[in-house]
2 protein chains.
Amino acid sequence: MELQEKLHNKGLRLTYPRREVVAILNAAASPLTPQSIYQRSVERKSDIGLVSVYRTLELLSELDLVRRVHGHDGCHGYVLASPGHHHHLVCRKCGKAVEFSGSADLSDFIAKIQKETSYKIDEHILQLYGICPKCQKERH
Amino acid sequence: MELQEKLHNKGLRLTYPRREVVAILNAAASPLTPQSIYQRSVERKSDIGLVSVYRTLELLSELDLVRRVHGHDGCHGYVLASPGHHHHLVCRKCGKAVEFSGSADLSDFIAKIQKETSYKIDEHILQLYGICPKCQKERH
DNA sequence: TTCCTTATTGAAAATTATTTTCAATAAGGA
DNA sequence: TCCTTATTGAAAATAATTTTCAATAAGGAA
Ligand SMILES: [Mn+2]
Ligand SMILES: [Mn+2]
Ligand SMILES: [Zn+2]
Ligand SMILES: [Zn+2]
């Protein structure tokens with residue numbers, strides 16, 4: 001479902017700051033923190049406030065239009081969520097993230113853990129880290 | 001390898017604050033943030049500073065004696081790392097976390113993604129969320 | 001044990017990140 | 001075009017994290 005539509009369903013408005021945050025995330029290759037989103041909005045000379053970045057990310061999270069991606073060291077950033085369930089593979093050098101799917105491959109495994117632990121499992125995070133093709137080529 | 005030993009290898013010292021942080025993590029059922037570790041140290045009346053909690057967690061991370069666990073919403077906390085590679089299953093109600101292993105079950109899947117993306121994958125996070133047996137029983 | 005050396009500590013200050021408040025603004029239906 | 005009210009952003013308030021630095025205490029050497 002589209003941003004426009006989801007907002008409308010809830011009586012919310014499609015505003016300039018919201019468009020901007022989405023546009024910035026859309027143009028990004030790697031997960032962005034609220035701060036870095038704000039930075040980019042300054043560079044773009046779109047005059048949106050940092051507060052709106054925070055508020056918009058919270059909203060987009062609720063609408064499931066944005067996803068949190070955890071850095072293998074520090075903390076998380078946000079990426080635009082393409083429809084459906086996905087996971088992320090992040091380059092440890094340049095941060096470039098790509099999506100992949102494949103919950104199917106996990107479901108047996110998860111079912112096994114569920115049986116073993118008696119937890120009722122309903123959600124998961126799977127994130128892979130490595131070096132992207134481009135960074136593999138560069139010396140150092 | 002033991003904390004004592006790992007510290008010694010690096011010319012570092014086994015101090016009271018470090019012992020305390022480990023003891024607190026050891027007694028915890030769920031991932032703790034620096035702040036909550038500090039809280040508990042106050043309750044225990046061990047007089048360690050918040051700064052030392054931060055520093056100790058950083059150190060223990062380097063020594064791989066502590067692991068970061070990401071909440072499915074907010075951010076991460078720390079748990080003591082038992083030796084070997086492990087994952088965590090966290091209760092969304094009470095926060096209780098249990099470990100499970102099983103990288104073997106993932107390796108084929110990861111190899112597939114590696115081939116598809118041309119990333120060189122060398123690390124991963126897998127975290128499961130659900131409701132623990134105890135919380136399943138409670139009404140509400 | 002006692003004596004050094006130096007890693008470590010913690011209080012305080014500095015920085016950074018996040019949330020709250022609130023009057024002014026603008027989205028968008030009527 | 002005109003309302004209603006969701007939304008914005010500046011500023012202030014809070015919270016989280018990092019840096020500084022003089023005082024302290026591990027723990028090896030004597
Ligand atoms: Mn995190
Ligand atoms: Mn999945
Ligand atoms: Zn890269
Ligand atoms: Zn529980």
Side-chain angles (χ1 to χ4, degrees), chain A residues 2-25 31-63 65-66 68-78, chain B residues 2-25 31-63 65-66 68-78:
Chain A
E2 198 45 45
L3 170 61
Q4 172 95 256
E5 194 182 349
K6 288 202 178 187
L7 289 175
H8 195 274
N9 288 346
K10 298 202 165 195
L12 304 177
R13 296 170 186 179
L14 181 50
T15 64
Y16 179 64
R18 286 170 184 170
R19 277 181 225 266
E20 277 296 301
V21 170
V22 170
I24 288 169
L25 286 173
L32 302 180
T33 61
Q35 306 289 336
S36 62
I37 291 171
Y38 178 70
Q39 287 312 322
R40 296 192 185 199
S41 93
V42 170
E43 290 163 14
R44 275 163 161 265
K45 300 206 235 324
S46 51
D47 254 326
I48 69 178
L50 177 56
V51 200
S52 291
V53 174
Y54 277 100
R55 285 188 287 222
T56 299
L57 288 174
E58 194 184 341
L59 176 64
L60 292 176
S61 289
E62 281 166 17
L63 300 181
L65 289 169
V66 113
R68 227 184 286 271
V69 173
H70 299 275
H72 84 303
D73 49 324
C75 206
H76 53 259
Y78 295 82
Chain B
E2 197 45 44
L3 170 59
Q4 172 96 258
E5 194 182 350
K6 289 202 176 186
L7 288 175
H8 195 275
N9 288 346
K10 298 202 164 194
L12 304 178
R13 296 171 186 178
L14 181 50
T15 65
Y16 179 63
R18 285 171 184 168
R19 277 181 225 266
E20 276 296 300
V21 170
V22 171
I24 289 169
L25 285 173
L32 300 181
T33 61
Q35 307 288 336
S36 62
I37 292 172
Y38 177 69
Q39 286 313 322
R40 296 192 185 199
S41 93
V42 169
E43 289 163 15
R44 276 162 160 267
K45 299 205 235 326
S46 49
D47 253 326
I48 69 179
L50 177 56
V51 200
S52 292
V53 173
Y54 277 100
R55 286 189 287 223
T56 298
L57 288 174
E58 195 184 341
L59 176 64
L60 293 176
S61 289
E62 281 166 18
L63 300 182
L65 289 169
V66 112
R68 228 185 285 272
V69 173
H70 298 275
H72 85 303
D73 50 322
C75 208
H76 52 259
Y78 296 82

>> From CZ of B/Arg18 over to C1' of C/dG10, roughly how many Å is that when rounded to an integer?
In response: 14 Å
Just the atom pairs and distances: protein N or O near nucleotides 27-30 of chain D's N or O, under 3.5 Å.
| from | atom 1 | to | atom 2 | distance (Å) |
| --- | --- | --- | --- | --- |
| D/dG27 | OP1 | B/Leu14 | N | 2.7 |
| D/dG28 | OP1 | B/His8 | NE2 | 3.4 |

>> I need the CD-P distance between A/Glu20 and D/dT7, as an integer number of Å.
In response: 17 Å
> In whole angstrom, what separates B/Leu63's CG from C/dA7's P?
Replying inline: 16 Å
Nucleotides 18-22 of chain D: which of its N/O atoms have a protein N/O under 3.5 Å away?
none

> Between B/Ser52 and B/Gly11, which is nearer to the 5' end of DNA chain C once each is assigned its nearest nucleotide?
Replying inline: B/Gly11
> Do B/Val53 and B/Ser41 pass the side-chain contact (heavy atoms from CB on, under 4.5 Å) test, and can you show the C-alpha distance, the side-chain angles, and the key distance before you say yes or no?
Replying inline: CA-CA 9 Å; B/Val53 173; B/Ser41 93; 5.5 Å; no
> Starting at CG of A/Asn9 and ending at P of C/dG28, how long is that distance when rounded to a whole Å?
Replying inline: 14 Å
>> With side-chain contact (heavy atoms from CB on, under 4.5 Å) as the criterion, how do B/Tyr16 and B/Ile48 come out once you've worked through the C-alpha distance, each side chain's angles and the decisive distance to 0.1 Å?
In response: CA-CA 8 Å; B/Tyr16 179 63; B/Ile48 69 179; 4.1 Å; yes
>> So does A/Ser52 get a backbone contact from the side chain of A/Thr56, meaning a donor-acceptor N/O pair under 3.5 Å?
In response: yes
> Short question: side chain of A/Arg18, backbone of A/Leu59 - any donor-acceptor pair under 3.5 Å?
Replying inline: no
>> Quick test of your reading: applying salt bridge (Lys or Arg N to Asp or Glu O under 4.0 Å), list the pairs with at least one residue in residues 41-55 of chain A, sequence neighbours left out, ordered by first then second residue.
In response: A/Glu20-A/Arg44
> How is the base pairing of DNA chain C summarised as a dot-bracket string, given the Watson-Crick and G-U wobble criteria with both distances under 3.5 Å, [ ] for crossing and | for another strand?
Replying inline: ||||||||||||||||||||||||||||||
> Using the ring of each side chain (for Trp, its six-membered ring), is B/His76 parallel, tilted or perpendicular to B/His70, with breaks at 30° and 60°?
Replying inline: perpendicular
> Does the side-chain contact (heavy atoms from CB on, under 4.5 Å) test come out yes or no for B/Leu25 and B/Leu57, once each step is laid out?
Replying inline: CA-CA 10 Å; B/Leu25 285 173; B/Leu57 288 174; 4.3 Å; yes
>> Can you list, in residue-number order, the parts of residues 34-49 of chain A that come under 4.0 Å of DNA chain D, counting heavy atoms only?
In response: A/Asp47, A/Ile48, A/Gly49
>> Without decimals, in angstroms, what is the distance between A/Tyr78 OH and C/dA17 P?
In response: 14 Å
> Quick one: B/Leu7 CG to C/dT8 C1', roughly how many Å, whole number?
Replying inline: 12 Å
> Do the side chain of B/Ser36 and the main chain of B/Leu32 share a donor and acceptor less than 3.5 angstrom apart?
Replying inline: no
> Which residues satisfy the side-chain hydrogen bond (donor to acceptor under 3.5 Å, both in side chains) test with B/Gln35, sequence neighbours excluded?
Replying inline: B/Tyr54
> Is the shortest heavy-atom distance from the side chain of A/Val66 to the side chain of A/Val21 under 4.5 Å?
Replying inline: no
> Any side-chain heavy atom of B/Leu50 within less than 4.5 Å of one from B/Val42?
Replying inline: no
> Can you find a pair of side-chain heavy atoms, one from B/Leu63 and one from B/Leu7, that are under 4.5 Å apart?
Replying inline: yes
>> Return the OG1 to OH distance between A/Thr33 and A/Tyr78, rounded to the nearest 0.5 Å.
In response: 9.5 Å
